[in-house]
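Note that these values count all heavy atoms, side chains included, but never hydrogens, waters or copies made by symmetry. Predicted model, so just to flag it, every value in this text is computed and none were measured.
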Amino acid sequence: FGSAAPTVNTTFRLRSVDSAGNVYEHASWTHAANTRHKIITTGISNAGLLDGRTVYIECTGGGTGAAGYTASLQWQI
């Protein structure tokens, strides 16, 4: 999505925070340059622990040239 895809690879992490403020990493991935979509369906560790936590995606590098670019989570039950 967005008006311009990144011109370099972009890296992300899926993280969560529990009620005590502890931060956990559940997955990391690279989104290829010049693409607008990336779907992650495997490689998420301890996904069952996400219930009741704050969950977010962190961009850890790249993204150069992107505009209106978003990372989003979709829950499938």
Problem set entry | side-chain hydrogen bond (donor to acceptor under 3.5 Å, both in side chains) assessment of H31 paired with T11 | CA-CA 6 Å; H31 186 115; T11 54; over 6 Å; no

For this session: Would you please test W29 and K38 for side chain to side chain contact (heavy atoms under 4.5 Å, CB included) and show each step?
Result: CA-CA 9 Å; W29 65 93; K38 173 80 173 185; 4.1 Å; yes

Exercise. How far apart are the C-alpha atoms of V17 and R53, what are their side-chain angles, what is the distance that settles it, and do they pass the side chain to side chain contact (heavy atoms under 4.5 Å, CB included) test?
Worked result: CA-CA 6 Å; V17 182; R53 293 185 181 180; 5.9 Å; no

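Side-chain atoms of Y24 and N46 include no donor-acceptor pair closer than 3.5 Å.
Taking all atoms of both residues into account, the shortest heavy-atom contact from V55 to L73 is CG1-CD1, 3.6 Å. Contact between A4 and G65 at its shortest, heavy atoms only, is CB-O, 3.7 Å. Taking each heavy atom of G43 and A27 in turn, the nearest pair found is O-CB, 3.7 Å. Here the closest heavy-atom approach between residue V8 and residue G62 is recorded as CG2-CA, 4.0 Å.
With values rounded to the nearest 0.5 angstrom, L49 atom CG is found 9.5 Å from D18 atom CG. Atom OG of S28 and atom CZ of R13 lie 8.0 Å apart (nearest 0.5 Å). The CG atom of L14 sits 9.5 Å away from atom OH of Y56, with the distance rounded to the nearest 0.5 Å. In this structure, I40 CD1 and I57 CD1 are separated by 9.0 Å, a value rounded to the nearest 0.5 Å.
Between the N9 side chain and the A33 main chain, a donor and an acceptor come within less than 3.5 Å of each other. In terms of modelled atom types and a separation under 3.5 Å, the side chain of S45 and the main chain of H26 share a donor-acceptor contact.
Annotation: side chain of L50 is in contact with side chain of S16 (closest heavy-atom distance under 4.5 Å).
Sparse packing is recorded around CG of D51, with 12 or fewer heavy atoms of other residues, nucleotides or ligands lying under 6.0 Å away.
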